[in-house]
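Encoded as structure tokens, the structure appears first; notes follow it.
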Amino acid sequence: MSSAYTSLILNIKRVSGNVIPYEYNYYVALAFYTKLNRYNTEVRKLHDRDNISIHTFSNIISQSFKFGTNGISLDNGFIIFRSIDKRMESHLRLAIAEDPHLRICDATYLVRSIKNTEKPKPKDSYKFRTLSPVVVRDFESRTKYVDSTEDLELNLRKSMTWVLENKLMHSPEKLDIKIFNGKRKTVRISSQNKKEAITSGFNITGSIEADPLTFELLYYKGLGSKTGLGLGCFEVDY
């Protein structure tokens with residue numbers, strides 16, 4: 001794996017509490033921000049209007065869950081965490097060594113293990129599926145998020161090209177994103193109770209054609225906007 005990036009699997013088990021909200025991504029993000037507080041103060045502001053998110057993480061992936069009227073009951077599972085800054089790994093590992101618990105609303109999960117994952121083998125084109133919903137800005141208005149599958153492909157490609165060029169200072173040699181299927185999923189992007197706190201995300205299958213560095217930046221940063229809130233994480237060659 002490239003020394004510049006990190007990809008981890010965190011195995012978790014519930015030790016207290018019951019259900020977590022259906023739109024739980026935001027609350028998992030808060031748990032990670034707590035663990036990364038030292039990184040936030042010593043290395044780089046993680047939650048800043050002028051900074052883009054440089055990490056992402058998946059949904060809680062589990063075969064042990066039940067849907068209820070008030071949320072999801074989830075006993076155990078794992079979370080994939082990635083970043084384009086490998087320093088984030090050491091800060092996260094240290095914080096979890098000091099306190100191996102992640103609090104998600106009224107439930108508490110024990111991090112039982114952390115393991116590094118393998119880097120995808122270089123290819124000219126990758127098929128992918130998202131492991132957490134993608135939120136895509138409307139490239140023309142910039143103040144709205146895409147809420148229809150018809151607008152996903154073009155806006156995602158334009159948005160990611162703009163982020164690469166203007167925020168990560170990287171000009172892609174090649175970047176083409178195709179969307180095969182997109183299913184709408186509501187996601188939380190704020191703790192407030194206002195209507196704007198919930199927006200449209202999409203679970204996507206598609207393909208990415210990109211030069212190696214461009215692909216790596218997308219893979220470890222995540223697709224779309226607000227990836228640090230647990231959005232836009234994807235896996236390849238499903």
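Considering only heavy atoms from C-beta on, Arg184 comes within 4.5 Å of Asp147 through its side chain. The shortest distance between side-chain heavy atoms of Leu164 and Leu218 falls below 4.5 Å. Counting heavy atoms from C-beta on, the side chains of Asn18 and Asp106 never come closer than 4.5 Å. Within the 4.5 Å cutoff, side-chain heavy atoms of His55 are placed close to those of Leu46. Residues Glu216 and Lys119 have side chains in contact (heavy-atom distance under 4.5 Å, counting atoms from C-beta outward). Using a 4.5 Å heavy-atom threshold, the side chains of Pro172 and Asp211 count as touching. At least one side-chain heavy atom of Asp85 sits under 4.5 Å from a side-chain heavy atom of Tyr39.
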**Q.** Candidate pair Lys221 and Leu217, rule side-chain contact (heavy atoms from CB on, under 4.5 Å), full reasoning
**A.** CA-CA 6 Å; Lys221 179 202 174 302; Leu217 290 170; 5.6 Å; no
(Q) Using side-chain hydrogen bond (donor to acceptor under 3.5 Å, both in side chains), reason through Thr227 and Thr56 one step at a time and then give a plain yes or no. (A) CA-CA 5 Å; Thr227 60; Thr56 186; 4.9 Å; no
Q. Would Ile20 and Val28 satisfy side-chain contact (heavy atoms from CB on, under 4.5 Å), going step by step from the backbone distance to the final call?
A. CA-CA 10 Å; Ile20 59 176; Val28 178; over 6 Å; no
Q.
Using the rule given for side-chain contact (heavy atoms from CB on, under 4.5 Å), can you reason through Val187 versus Thr199, listing the C-alpha separation, both sets of side-chain angles and the distance that settles it, and then say yes or no?
A. CA-CA 6 Å; Val187 296; Thr199 192; 3.8 Å; yes
Q: Show your working on side-chain contact (heavy atoms from CB on, under 4.5 Å) between Lys226 and Tyr145 and close with a plain yes or no.
A: CA-CA 11 Å; Lys226 297 185 178 294; Tyr145 296 105; 2.9 Å; yes
Q: Begin with the C-alpha distance, continue with both residues' side-chain angles, and end with the deciding distance and a verdict on salt bridge (charged side-chain N to carboxylate O under 4.0 Å, His left out) for Asp237 and Lys123.
A: CA-CA 10 Å; Asp237 294 332; Lys123 295 176 62 176; 3.0 Å; yes
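Cluster membership check: Ile177 shares its hydrophobic cluster with Leu152, using side-chain heavy-atom separations under 4.5 Å among Ile, Leu, Val, Met, Phe, Trp and Tyr. Tyr27 and Val19 are not part of a single hydrophobic cluster, where members link through side-chain heavy atoms under 4.5 Å apart. Residue Ile198 is not grouped with residue Phe202 when hydrophobic side chains (ILVMFWY) are merged at heavy-atom distances under 4.5 angstrom, including chains of intermediate members. Residues Ile84 and Ile52 share a hydrophobic cluster, clusters being chains of Ile/Leu/Val/Met/Phe/Trp/Tyr side chains in contact below 4.5 Å. Note: the hydrophobic cluster containing Val236 also contains Leu8 (ILVMFWY, side chain heavy atoms under 4.5 Å, direct or indirect links).
Exactly one residue among Tyr220, Phe128, Tyr126, Phe57 makes a ring-ring contact (aromatic ring centres under 6.0 Å, His included) with Phe234. That residue is Phe128. When each of Glu209, His170, Lys174 is paired with Thr214, the side chain to side chain donor-acceptor pair (under 3.5 Å) condition holds for His170 and for no other.
Side-chain atoms of Glu23 never come within 3.5 Å of backbone atoms of Arg188 as a donor-acceptor pair (strictly under, hydrogens ignored). Side-chain atoms of Tyr24 come within 3.5 Å of backbone N or O of Ile60 as a donor-acceptor pair. The closest donor-acceptor contact from the side chain of Thr130 to the backbone of Ile204 lies under 3.5 Å. Checking side-chain atoms of Asn181 against main-chain N and O of Thr205 turns up no donor-acceptor pair under 3.5 Å. Judged by distance alone, with hydrogens and angles left aside, the side-chain atoms of Ser7 form no donor-acceptor pair with the main-chain N or O of Arg82 at under 3.5 Å. Ser53 contributes a side-chain N or O that, together with a main-chain N or O of Gly228, makes up a donor-acceptor pair within less than 3.5 Å. Side-chain N or O atoms of Asn155 include one that pairs as donor or acceptor with a backbone N or O of Phe139 at under 3.5 Å. Judged purely by atom type and a 3.5 angstrom limit, Asn40 has no side-chain atom pairing as donor or acceptor with the backbone of Leu36. Put simply, the side chain of Asn25 gets close to the backbone of Leu229: a donor and an acceptor are under 3.5 Å apart. Panel note: side chain Ser132, backbone Cys233; a donor-acceptor pair is recorded below 3.5 Å.
Between the CG atom in Leu131 and the CG atom in Leu231 there is a gap of 12.5 Å [rounded to 0.5 Å]. Here the straight-line distance linking atom CG of Leu168 with atom CH2 of Trp162 works out to 10.0 Å at 0.5 Å rounding. Distance check: Ile72 CD1 to Lys66 NZ gives 14.0 Å after rounding to the nearest 0.5 Å. For the atom pair Thr161 OG1 and Asp176 CG, the distance stands at 9.5 Å (nearest 0.5 Å). Interatomic distance, CD1 of Ile12 versus CD1 of Ile79, reported as 4.0 Å (0.5 Å rounding). Once rounded to the nearest 0.5 Å, the distance linking OG1 of Thr117 with CD1 of Ile9 reads 6.0 Å.
The two residues Ser64 and Asn76 come nearest to each other via the heavy atoms CB-OD1, 3.9 Å. The two atoms that bring Val135 and Gly201 nearest to each other are CG2-CA, 4.1 Å, heavy atoms only. Heavy atoms only, all atoms of each residue included: Ile61 and Ser58 are closest at CD1-OG, 3.9 Å.
No more than 12 heavy atoms of other residues, nucleotides or ligands lie within 6.0 Å of CZ in Arg38, so this atom counts as exposed by the packing criterion. Asp124 CG: 12 or fewer foreign heavy atoms inside a 6.0 Å radius. Summarising the local packing, CD of Glu42 is surrounded by more than 12 heavy atoms from other residues, nucleotides or ligands at distances under 6.0 Å.
No side-chain donor from either of Arg137 and Ser159 sits under 3.5 Å from a side-chain acceptor of the other. Using modelled atom types, one finds no donor on one side chain facing an acceptor on the other under 3.5 Å when comparing Arg14 with Tyr109.
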Pairs of donor and acceptor atoms involving the side chains of residues 90-100, under 3.5 Å and at least two apart or interchain, shall be tabulated with distances.
| from | atom 1 | to | atom 2 | distance (Å) |
| --- | --- | --- | --- | --- |
| Ser90 | OG | Arg87 | O | 2.9 |
| His91 | ND1 | Arg87 | O | 3.0 |
| Arg93 | NE | Glu89 | OE2 | 2.9 |
| Arg93 | NH2 | Asn116 | OD1 | 3.1 |
| Asp99 | OD1 | His101 | N | 3.3 |
| Asp99 | OD1 | His101 | ND1 | 2.9 |

